[in-house]
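First comes the structure, then the notes that go with it.
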Amino acid sequence: MSNRLYIFDTTLRDGEQSPGASMTKEEKVRIARQLEKMRVDVIEAGFPASSLGDFESVKAVADAIQDSTICGLARALEKDIEQTGLALKGAKSGRIHTFISTSPIHMQMKLRMEPEAVLEQAVRAVTWARQWTDDVEFSAEDAGRSEPDFLCRIFEAVIKAGARTINVPDTVGYAVPEQFGQLIHFLLERIPNSDQAIFSVHCHNDLGMAVANSLSAVLHGARQVECTINGLGERAGNAALEEIVMAVKTRKDVFQCDTRIDTSQIVPASRLVSGITGFAVQPNKAIVGANAFAHESGIHQDGVLKHRETYEIMRAEDVGWSANKMVLGKHSGRNAFRTRLTELGIELASEEALNAAFARFKELADKKHEIFDEDLHAIVSDETVAVDQERYKFISLKVSTETGELPHASITISEEGTERHAESTGSGPVDATFKAIESQVNSGADLLLYSVNAITSGTDSQGEVTVRLSKAGKIVNGQGADTDIIVASAKAYLSALDKLTSTITRAHPQV
Ligand code: KIV
Ligand code: ZN
């Protein structure tokens, strides 16, 4: 048994299936560059046959990335596989991941197919995929609720047809660790050609056991884990990459395998994904939560000061917490700014975008002495949206609040170049600001989420605001960042409105 554990990241595909987490092509490429820097083995970039936007995104990621394999998902249909093969044409290393359901409930109720027909379709799909690439992965959707004997038959057949990775998804998050580990053990033992493929797992978190199930599978011989940054994903999410990687690294004595991940890139990746998707990371989240390495109790603090390992099993710097170094300041020039963006893997679309981002940087550096990488990511996110989709633009805001008085907001925005002014009162300054904006734009959208996060530490930190709006089945997240959180809130609201009305294709539009 090999001691290499392959990390397959599906943030850009399954992660994107979280409502409101859809990303543009540029956003996907930025995240893919960070995943490559982190040395992820396989990046699942999307589902090319699902939309033109997703096709273009997978193609852009495939063209941009050199050091990770780029994977596209395809149903077990010839047209899906063809689209995926085309999207991956420019990849240095490309994988087609084809899937079909194998559980009795999915075969009867969803596919309305007999098991034999499913098996034959799976073999056909792998054969089609092999015409495009040698690197073919097959997934038995809902394997967690499938008959183990049927799984043995279908896996044996698709390995014979040329699948090199066999994925066992717990699609609905139903498995428990002991049983799931036993299933992997059983499959590896029983399938005569199991040694000709890498067995992989893909666990969802509906019962909060995605990571535990994945790790149990690793203990029983799985050598690829499919996971996402911050555990993003459909419903309750997927297994969190950072937890899998750090569990295996920290407990080598138990797992006897390791990954090639550069763990110092984990926190930057977490920040980037949360900034782009607007899904904040809870403070007590393992590895990447703001409190993950904070010792509050006096006894713990005393112990850590005397000997760090009394209470710490991992070092914060090993997962990239110390990467939040001050990189630029008030006196930094345009070249230093451009160089740092390049080091962060950020490429702006044009000189115009770079100039606008640099102007924002200067403005921020005047208010805030220390500019961190997270600040740069926030600036660039704002500029990417502004340049791509500039329908609504924030111009100025005046807010008055006084104890005992109703807060009042007076805002100026531009809508397609025309200045508009509006005023409103509200139950708080943010409420007043949003009401003022709505009085002008009349979007009629429902506010699903409003959240504020400090981007870095200190009271001079920028606040990053996420606003999730929904209208006619379309759900979008808008982000805004500023040292003034009411201004950040207004920007986030306008960015969400931009996305609601945008004609730019989001890769996974959720409509
Ligand atoms: O959860 C699932 O079953 C999937 C497959 C397509 C791998 O995402
Ligand atoms: Zn999934």
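Every number for a ligand or one of its atoms is a count from 1 in the order of the listing. On a predicted model such as this, the values are computed, not experimentally measured, just so you know.
A donor-acceptor contact closer than 3.5 angstrom links the side chains of S200 and N167. For the residue pair Y450/T466, the side-chain donor-acceptor check at 3.5 Å is not satisfied.
Within H204, the N, O or S atom lying nearest to the Zn ion (ligand 2) carries the name NE2.
Both the backbone and the side chain of T171 come within contact range of ligand 1, each with a heavy atom under 4.0 Å.
Against a heavy-atom cut-off of under 4.0 Å, E141 is close to the following atoms of ligand 1: 3 (O). In summary, the atoms of ligand 1 found under 4.0 Å from a heavy atom of S139, numbered by their order in the structure, are 7 (C).
Remark: the backbone N or O of M209 is paired with a side-chain donor or acceptor of N213 at under 3.5 angstrom.
Taking the six-membered ring where tryptophan is involved, the planes of F155 and F199 are perpendicular, since the angle between them exceeds 60° and thus also 30°.
Within the model, atoms CD of E226 and OG of S214 stand 9.5 Å from one another, a figure rounded to the nearest 0.5 Å.
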Kindly determine whether N291 and N284 satisfy side-chain hydrogen bond (donor to acceptor under 3.5 Å, both in side chains), including the steps that lead there. CA-CA 5 Å; N291 292 348; N284 56 331; over 6 Å; no

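Rounded to 10 degrees, the OD2-metal-NE2 angle spanning D14 and H202 at the Zn ion (ligand 2) equals 90°.
Close N/O approach between H204 and ligand 1 is found [any backbone or side-chain N/O within under 3.5 Å].
More than 12 non-hydrogen atoms from other residues, nucleotides or ligands lie less than 6.0 angstrom from CD of Q179.
Nearest protein heavy-atom contact of atom 5 (C) of ligand 1 is R13 NH2, 4.0 Å. Here the protein heavy atom with the shortest distance to atom 4 (C) of ligand 1 is H202 NE2, 3.5 Å.
In this structure, E226 does not count as a contact residue of ligand 1, since none of its heavy atoms falls inside 4.0 Å of the ligand.
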